[in-house]
2 protein chains.
Amino acid sequence: EIVAAIEGILGGWAGPLAGRHVLVTSGPTHEPIDPVRYIANRSSGAQGTALAAALRDLGAKVTFVTGPATVPPPQGVTVVKVETAQQMLAAVEAALPAEAAVFAAAVADWRVANAADRKMKKDGSGTPPALSFAENPDILATISQLAKGRPRLVVGFAAETDDVIAHATAKRARKGCDWIVANDVSPATGIMGGSENAVTVLTAEAAETWPRMAKDAVARKLAARIAEALA
Amino acid sequence: EIVAAIEGILGGWAGPLAGRHVLVTSGPTHEPIDPVRYIANRSSGAQGTALAAALRDLGAKVTFVTGPATVPPPQGVTVVKVETAQQMLAAVEAALPAEAAVFAAAVADWRVANAADRKMKKDGSGTPPALSFAENPDILATISQLAKGRPRLVVGFAAETDDVIAHATAKRARKGCDWIVANDVSPATGIMGGSENAVTVLTAEAAETWPRMAKDAVARKLAARIAEALA
C-alpha cells in the first residue's frame, strides 16, 4: 500500500486502469427510526473496501461511497461517507460519470417512513408505536437503467441466504446490470462480517463459481476482470 | 490497569468494594429482523465499560453483561456477551445475586415478533413485508421489583432527548429502582457515541446535576457513590 501510494504520487504507475474513474459503494446503510434507534445490517464493508483498494492498485481513480462500515476505508481513494440509502444514491449520482460502478454496499430495501425526531417512548399500553415503511430507491437499478451517462460496466452484489444462483440470476435480469457477484451470507457460512468470501460471478454469458478465498483475493480477481472488461 | 490487575492477582488490594459482587450491563442490544438485518441503537458501550472498570478499581467483583458494543470490554471483570434484550435479561438473572446492579445498557424496548429465518425479499409490490413488534422484557423493572434476591442498590440509566429530568423522575418511580442516572442524548450533545457525558443523578432524596466531564470521570464519581451506598 505504501509502495502503491508512492508510485501514485510520483505518477510512475500506469496500471491497466490508469486514469479510469471507477465508483465503488460499500458497507451497510443505517435507516433511522428516531434519534437513537436505527435499522442496520451485518455488512462490515470488508469486501467493498478490499475491492476499492484492488482497483486503486490497478491505477483507477476510485470514488468510494461508504455507509457506516466497521472496516476503515482504503487510502488513496476519494471517500464519501453516507448513512442512509437515500444519501448513498445522491452521493453515487454526484460522483458520476464513471467508467465502471460496483455496488458492493448492503443497502436497506426499506426505510422508516415516519422516523421521529424525538426518542420514541413506551406509553404503558404494551403496544409499540406504529412504524410505517417506505421502499428505498434501488441504486443498482437506477444506475443500470440510466438513459444517459450509464457507466460502461455496472456490477451488482447479491447477498442471499437461500437459492443463491436462482435469486442472483433473476436479480441481474431485473436490475439491468452487467454482472452480479452473488454470495451466500447464511449465518452458518460466516461470510457476512468475516474475512473470506465464496462468490459466483454471473454475466450475460456465464455463471462462474470461484472457490472460497480471502475477501482481498476475491477483490483482486474481480478488479482484474473489471480491467479486462474496460480494456 | 496493569497495576490494578497485579494488585488483584496478589490479593493485596482491598478497596471499599473488596469482595462485593456488582453487576453492570452495557452497550446496545441488536434485535434481529432476519438473518442479515437488525434494529440497533447508537450506544457505544463507553459509559458502561468505564463504570465497570471504575467499580473493579474499587475492588468489586464485576459481572459485565454487554451487548454488541463498539468499545472493548474492560480487563479483570467477568464478561458475558449477549445480542438481544431477552438474552440480556437471562444473563442478568443468571449473574445474581449481586449487592448492586447498574443497568447502563441501551436496551431495545421492542423486538421484531416475526423475525424471519431467511433474508426478506422485495416482492415487487412496493409494499414492505409487515413487521410486527413485541415489547421486550423490562430488565430494570424486573430486577428492581424482585421479591427475593433484589440487589441492595439498583441503578438505572435514562437516555432522553427532551424533558430529561421530568422523564427520568417518572422513570425512577415507575421502575422501582433506587437511582436513575439521566443524560441527554440529543444528537446535538454528541454524548451518545462520544467520550463525554453530562448526567443528573436522581435518588429518592435529590436530583444532583454534575458538570459535563469525560465518561471515565463520570464512572469514577458514580462508582465512589455506589461504594458509599454499600458501605
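In the text below, chain A, chain B and the rest are named by the order of the sequence lines, each starting its count at 1.
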Problem set entry | Electrostatic pair Arg42(A)-Glu83(B), nearest N-O below 4.0 angstrom | yes
Exercise. Do the charged groups of Arg225(B) and Glu208(B) touch, with an N to O distance under 4.0 Å?
Worked result: yes
Exercise. Is the shortest distance from a Lys or Arg side-chain nitrogen in Arg152(A) or Asp178(A) to a carboxylate oxygen in the other one below 4.0 Å?
Worked result: no
For this session: Decide, yes or no, whether a salt bridge links Arg118(B) with Asp34(B) under the criterion of side-chain N to carboxylate O below 4.0 Å.
Result: no
For this session: Test Thr49(A) against every option in Pro73(A), Ser26(A), Pro72(A) by the side chain to side chain contact (heavy atoms under 4.5 Å, CB included) rule and name the one that passes.
Result: Ser26(A)
Seminar exercise, completed: Ordered numerically, the heavy-atom neighbours of chain A under 4.5 Å found in residues 155-162 of chain B are Ala159(B), Glu160(B), Thr161(B), Asp162(B)
Problem set entry | Exam field: side chain Thr25(A) to backbone Ala105(A), donor-acceptor pair closer than 3.5 Å | yes
